[in-house]
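Some notes on the structure that comes next.
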Amino acid sequence: MNICIGGAAGDGIETMAGILEKTLQRSGYYVYSMRDFMSRIRGGHNFAQIRFDSEPVKAHIDALDILIAYDNRTYDEHQKRLKPDGLLLCDPQLGVSDSRTLPIKLKTLAKESGSARTIGVVCIGALVKLLGLDLRTAETVLRETLPEKLLDMNLTAVQKGFDSVEQKQTLASPNVKGQLLLTGAEAMSLGALAGGLRFYSAYPMSPSTSLLNFFAAHAEEFGLTVEQAEDEIAAINMALGASYAGAKAMVGTSGGGFSLMVEGLGLAGIAELPVVIVDVQRPGPATGLPTRTEQSDLLFACFASQGEFPRMVITVRDHPDAFYQTARALQLAQKYQIPVLLLSDQYLADSAAIVAPPDIGKAVQSVSPLKQDEGGAEAYLRYAFTDSGVSPMRVPGKTDALVRSDSDEHTEEGTITESAEVRVQMVDKRARKLELLAGELLEPAYTGAEDPDVLLVGFGTTTNAVAEAVIRLNKHGVSIGALAFGDVYPLPTKELRNYWGKAKAVYSVEQNATAQLNKLIRMETNLSCTDSILKYDGRQLSVDDILHGLAAFGIGGEVPA
Amino acid sequence: MNICIGGAAGDGIETMAGILEKTLQRSGYYVYSMRDFMSRIRGGHNFAQIRFDSEPVKAHIDALDILIAYDNRTYDEHQKRLKPDGLLLCDPQLGVSDSRTLPIKLKTLAKESGSARTIGVVCIGALVKLLGLDLRTAETVLRETLPEKLLDMNLTAVQKGFDSVEQKQTLASPNVKGQLLLTGAEAMSLGALAGGLRFYSAYPMSPSTSLLNFFAAHAEEFGLTVEQAEDEIAAINMALGASYAGAKAMVGTSGGGFSLMVEGLGLAGIAELPVVIVDVQRPGPATGLPTRTEQSDLLFACFASQGEFPRMVITVRDHPDAFYQTARALQLAQKYQIPVLLLSDQYLADSAAIVAPPDIGKAVQSVSPLKQDEGGAEAYLRYAFTDSGVSPMRVPGKTDALVRSDSDEHTEEGTITESAEVRVQMVDKRARKLELLAGELLEPAYTGAEDPDVLLVGFGTTTNAVAEAVIRLNKHGVSIGALAFGDVYPLPTKELRNYWGKAKAVYSVEQNATAQLNKLIRMETNLSCTDSILKYDGRQLSVDDILHGLAAFGIGGEVPA
Amino acid sequence: MTNKTFHTTETAWCPGCGNYDIVNTLAGVLDDMRFKPSELLLVGGIGQAAKLNQYVNANGFSGLHGRALPAAVAAKMVNESLTVIVNTGDGDSYGEGGNHFLHNIRRNVDITHFAHDNQIYGLTKGQTSPTSDSCSVDRTGACNLSKPFQPLLIALAAGATFAARTFSGNREHMAKVMKAAIRHKGYALVDILQPCVSFNKVNTFGYYKEHTYELEGDYDATDLETALLRSMEYGPKIPIGIFYQVEKPTYHQQRPAIYDGTPMIDKQLSQDTLQTFLNKFA
Amino acid sequence: MTNKTFHTTETAWCPGCGNYDIVNTLAGVLDDMRFKPSELLLVGGIGQAAKLNQYVNANGFSGLHGRALPAAVAAKMVNESLTVIVNTGDGDSYGEGGNHFLHNIRRNVDITHFAHDNQIYGLTKGQTSPTSDSCSVDRTGACNLSKPFQPLLIALAAGATFAARTFSGNREHMAKVMKAAIRHKGYALVDILQPCVSFNKVNTFGYYKEHTYELEGDYDATDLETALLRSMEYGPKIPIGIFYQVEKPTYHQQRPAIYDGTPMIDKQLSQDTLQTFLNKFA
Ligand SMILES: Cc1ncc(C[n+]2csc(CCOP(=O)(O)OP(=O)(O)O)c2C)c(N)n1
Ligand SMILES: Cc1ncc(C[n+]2csc(CCOP(=O)(O)OP(=O)(O)O)c2C)c(N)n1
Ligand code: SF4
Ligand code: SF4
Ligand SMILES: [Mg+2]
Ligand SMILES: [Mg+2]
């Protein structure tokens, strides 16, 4: 089932979607729910799209079973996607003439319940009935979610909605238990906590603000330093100061803020200060489309900052990945004393999904500790020339040794040098970390036929939609497979070369305009894709988009849902 | 002849080198002079290296004919490079025992002249005699260079130096006339003026400060707006405001400052504001080696900023190139309404060379005007969807039409939009400029054998050293050639593919640690170099370094100078 | 809209937002002052307030968050015939843009800066801004554990030649102050108290209405000491008006050799001049 | 060097530079105050002044130009047992770092900030800094056509709880002020007038010696009005001393639930707590 709820900003779409998701979760379903917001607080057009099933759902699709339209604009924008046998749920006042309409006097019922603002809950009541869910589940969720003083009117509203319609659907009885409902931002935040986060600084910026909100809300509970910085430059430099002083530190931002952090990224590189930088991508350049999604900061993340130093770029694929990769990123940053860039995007950050409870222990153990190599010298040398390239890091104040850090090129002691020899040794020392790091890389996940004729390559948050498209095509006999990169730089190349050798054609699937993954692969492996499926209108590639894209290349053709 | 003058910071090496270069110029020689400074004001070790000849000289070499040592450190650091029959000029007080020594009582003579600070001029006097130059030429230069009140003592000093030695060399009589002596920074500044520069803003940062100093010194004379900004973010945003208002604008900085400008770069991209950003590179990351040289911002320049938009990256190869490319960059930025990044480095910025007087008219005509395509609409549309991708740009206040610029994605009128369709059209419109721009690209310059077995590829300021190495090898029968890129992104590929097809092995020659040009070529063409000659100790690749690097690959072997 | 020349268009602001009063008043002021749209340049950063230029019939530049001032002063530098007015938020002006605020006051370029001060980050949904009230004042929502930023005091400390405060709900006062600010030769700051109905539930229209009062009729706006002290008065009673106004040489006036009245964009360096200059390197 | 524990090493400064007096005095002060090198963290940005930490026997962090303060306050946030002292230049503190200056004063983290104010950009060879004298004072070399930046006045306007000025050539005075600043609970700014012998030919040792005088014995450093007014006195006579000092809750004190005395780096979130929290999403 795929439900879309649309209205203006300020209509409470977000709240209603949240309650509905929770009700579906408690009713035992798998849920995947995405958001599409405008960059305004009132008016315009926002929508949430909630897909649920008794089988796992991990991506969004286009075709709708139910459309809930608060206003005519919602109807106009989405009715094409509503299936012929779909259900349009709206107030008769809208005056829509569509045979799929199930009119409910939403406004009247809401007012009768005590406030026009309970419209959403009236809808939920109606949906509960229509879908054959238990009204008590919805009531429990309302009780947990709403403030005391609003509860009564909303309980009335949900009942009125429930009573206003007849049950229409009998769904497969679901039985999903003990799973969590998490947004991408929540999964990432929790992963950071599992990874040992102690310090978070940020300047508000959509769509990364949910991370700041999360950490700020729980700073006391978890004893974290969480600081809203005066700008992004302050945020990254604070994180580096905290990291130097011994706290695992992370910053979160979106592209524009990341641009301002680039000098700090270089400081992390030369001073070998562990830090995780989260870039929750949105369409650029500059302000771009502030509340939409894109994967267009990939090459920027790989080459940001003057000069050269080892870094790692990880793209987050889905909710579990957001948890595990964030925990891993913090640990890798610490182990190799490097900056780790974590690329997410608006789509994932704001989407909610039902996932198995993440395993904290597993997250913590995902990175093996490094056998510390203190270098040859007796005195403490912060930047000792070690074989691994990783020098002994100590916490200032926790040792009698003095700890020095420097943004200039420096000696093993950490003091400025202009020596040509030391410069070369230091660059080489830092670069040596890449050798160990290579063994740490996670190969891309593969989905599909064993020896695929067609290979798709993608990264980050398009992963599950690509996989679903592949599975569907496999079912229709198409020999296709997909590699989904999480770690992208350094680029793991084993599986890539393996499958590339088998495939007759390779396509990259990317949420950007210039096929950046394709470029990166070419740069790193000398392999070049046949073509690419690209989307850059700020709306995430759906399973359908991928199927259509492939069809345009003559692959698969018309594939029924 | 190759002369090195070394001493501590504050010893006046810079002044002395300047006077000597000018004297050599006036004596009719070609001169190529480089600088090696420490990041301090007094003490340490600085040197200038001046190569001159009656034939054009365009790069520095290692072997020295004359070493002028103000102190023992200079002797220690450079004596190995002094030829067996070379001349060491120093005060006997240094106590150096070296058969190549020509002791001169520099300190005594300077004091006798009236000030210990005239040591450098005493040396010049001695050099004039040793090299068989005319003392009056040096005197004229002193008169032009020094303030009135210091003149007498310096004229005495130059005479004393002249009298202190016997003429040792009889050089080929030179006859170079009407040429200019320019540093790289001067050539670039003059090119900017030729290109129509009206606005320059910057924050001081070595090694780019010479540009700011130049423009600030001549702001009144040339009627320019020159502003020292509070930080680099201000500098770029000022330039963009000035550009919007109709002034050709440029900013200059080094890597760290460029990092801070990246968000502004994206603004130029989406708002289609012409601007030239000069990055005078130094070794990074972060503070790195502030007064040294490197070519390690190449990939950063190509991919800096979130999001995607057309840009152009030009690397400056030598002094004439600095002039012409800067003029061209300003014009290309204006023609295509894009940001143009100009990469120079400390080596070129601080080096001085004798060059033919640049042709201002030629510089201005190097970019042909665009046939303006106003788009279909009647009203003025700042971002009209045109075939060329270039929309009509007007100057606010100079037309009744209103001019709007926006960092958000916008409509043809320049107002915010969130429409998926307009977004795609706008991205495509901007990207279309690349088609015309492709016709504008300058292919790399080729030097060497017609069908080379070995191909070198390089970019920017290593160009002339690479060319000199190739010419020397050609003379010794080695089948080798070199392509030197000026325009690098978009990468012109015609000559590259042409010569690559002929060569058996291809090496990139780069002043960085990760072979960034090699990576870029791979990304853009799927061609991969056999290996690379890399230097990243902050000191520029000399002709000798290249010859040694090739010898290590079994090419050329021991090549006499 | 009462106003024709500078008519405003449909906005993306919330119904009831204080920005409506500001844009409408400004449009009226511009009309009263008989500007032509084409000689006006409205500049904004990013935020709700910063969108203002999108809604007014004039030249418009929407730059980056926090970076309105550098773009605005530079446009003025190269074309002094433009009247340049910045409209942008408190977060934009004093948070992300704090350094430009400090240093552009020092430059005294002849531009006008209307800071829509809703004491909150509106567009990003209600975080604490530099000017948010102190947390010691009992409240829910965004507030400052740090010392709240005092725009007028800081502006005066940085050397502002014009510093004023007004309230969007007092349209007459706002119009008067806006006019004086636009007429002022040099950088003029007007901090405009502006209710954000969606996120700032404390500093509401009613709150400002109740707490603001106009500076006395005999207030001497040329006395810096007074201005400093009165600008610190921000609590139960909030004075509005022009706190300080003096004439000091503007950026352009200080550089008469460069800025002679002809906009820089109308002048060109002749190839001959450059050729003559080149010869110095021979 | 008279001092053993915090002995300084060879420097890259010019002979005669005011920084020598500063580093030597500071080493003495640290010794007097009986710090252990390992409990001290000296932070700098980039510039001549910023190199100071390289020459002292203590923990040292040399960050980016203009960005010393954010790194310093964050180190203190996560480890309140460190004594954190920033030494950096006027360009670094007030130019590139202006926004951090404003907002970190507001945070009132318990750190000390010694701004070596040579009124010039030293390391980059003599450009105008925000504090360079006004061009109206007849002079050669770098000077400000913009209004010179007044560090103490701005600091006070931003809400500093400690603001002082001293002169590197008056070592006794400097030592006294340094001690008070280090002891102060909260952010303490000391603007140290420091001759740059290579580039600032106007504000020399002799100049400062002649123009500076100490604030009166009965000066009341707890009165903000007085402090504001006296901090503007900068001309023929330049007062030095502690202009303002009051106790206000520090960053840590304002967040007792988070900062309980145990440095944050010594605490960990237990897997159990996190597990329990996770269950809320079921
Ligand atoms: C570099 C950067 N950082 C953050 C943002 C996100 N952002 C957009 S508007 C805004 C704050 C708006 O607050 P304010 O300036 O007070 O304007 P208001 O919306 O309240 O009118 C922020 C943080 C951005 N666009 N760019
Ligand atoms: C981002 C950045 N911009 C510019 C510089 C170049 N820079 C280094 S030190 C300095 C100024 C130093 O002046 P100040 O802070 O007053 O210190 P001083 O040398 O006078 O002690 C500048 C501009 C830099 N390192 N980084
Ligand atoms: S969020 Fe606040 S400031 Fe923004 S439009 Fe709505 S009311 Fe106005
Ligand atoms: S340049 Fe000035 S500040 Fe720098 S070391 Fe020399 S005297 Fe000191
Ligand atoms: Mg605001
Ligand atoms: Mg200074």
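Letters A, B, ... mirror the listed sequences (proteins, then strands); counts begin at 1.
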Of the backbone (N, CA, C, O) and the side chain (C-beta and beyond), which part of [X] lies under 4.5 Å from a heavy atom of chain A, both, or neither?
{"X": "D/Ile258", "result": "side chain"}
{"X": "D/Leu102", "result": "neither"}
{"X": "D/Arg106", "result": "neither"}
{"X": "D/Gln268", "result": "backbone"}
{"X": "D/Leu82", "result": "side chain"}

Tell me whether the NZ or CZ atom of D/Lys76 lies within the 45° cone about the ring axis of D/Tyr251 and under 6.0 Å from its centre.
no
What orientation do D/Phe277 and D/Phe281 show, parallel under 30°, tilted 30 to 60°, or perpendicular over 60°? perpendicular
Kindly assign one of parallel, tilted or perpendicular to the pair D/Tyr94 and D/Phe101, based on the angle between their ring planes and the thresholds 30° and 60°.
perpendicular
For the ring pair [X] and [Y], is the centre-to-centre distance below 6.0 Å?
{"X": "A/Phe323", "Y": "A/His319", "value": "no"}
{"X": "D/Phe162", "Y": "D/Tyr187", "value": "no"}
{"X": "D/Phe199", "Y": "D/Tyr121", "value": "no"}

Heavy atoms only, distances under 4.5 angstrom: which of [options] has the most pairs with chain D? Name it, please.
{"options": "A/Ile233, A/Leu182, A/Val395", "answer": "A/Ile233"}
{"options": "A/Glu221, A/Arg26, A/Lys22, A/Glu227", "answer": "A/Glu227"}
{"options": "A/Leu197, A/Thr415, A/Asp406", "answer": "A/Asp406"}

Residue [X] versus chain D: region with a heavy atom under 4.5 Å:
{"X": "A/Val226", "answer": "backbone"}
{"X": "A/Glu413", "answer": "neither"}
{"X": "A/Tyr244", "answer": "side chain"}
{"X": "A/Ala194", "answer": "both"}
{"X": "A/Ala247", "answer": "both"}
{"X": "A/His218", "answer": "side chain"}
{"X": "A/Ile354", "answer": "neither"}
{"X": "A/Gln179", "answer": "backbone"}
{"X": "A/Glu186", "answer": "side chain"}
{"X": "A/Pro357", "answer": "neither"}

* Asked: Does NZ in A/Lys398 sit with more than 12 non-hydrogen atoms of other residues, nucleotides or ligands closer than 6.0 Å?
  -> yes
Original post:
Are there more than 12 heavy atoms of other residues, nucleotides or ligands under 6.0 Å from atom NZ of D/Lys179?
Top reply: yes
Within residues 58-70 of chain D, the residues sitting under 4.5 Å from chain A by heavy atom, in sequence order, are D/Ala58, D/Asn59, D/Gly60, D/Phe61, D/Ser62, D/Gly63, D/Leu64, D/Arg67, D/Pro70
* Just by modelled atom types, is the D/Pro37 backbone N or O under 3.5 Å from a matching donor or acceptor in the D/Asn57 side chain? -> no
Looking only at D/Asn279, D/Asp266, D/Thr273, most heavy-atom pairs under 4.5 Å shared with chain A are made by D/Asp266
Those residues at least two apart in sequence (or on a different chain) that pass side chain to side chain donor-acceptor pair (under 3.5 Å) with A/Ser405 are A/Tyr383
Those residues at least two apart in sequence (or on a different chain) that pass side chain to side chain donor-acceptor pair (under 3.5 Å) with A/Gln331 are none
> Checking side-chain hydrogen bond (donor to acceptor under 3.5 Å, both in side chains) for the pair D/Asn79/D/Ser81: CA distance, chi angles, key distance, verdict?
Replying inline: CA-CA 5 Å; D/Asn79 186 355; D/Ser81 67; 2.6 Å; yes
Hits for side chain to side chain contact (heavy atoms under 4.5 Å, CB included) against A/Glu230, two or more places apart or cross-chain, chain-then-number order -> A/Ala234, A/Met238, D/Asn99, D/His100, D/His103, D/Asn104, D/Arg107
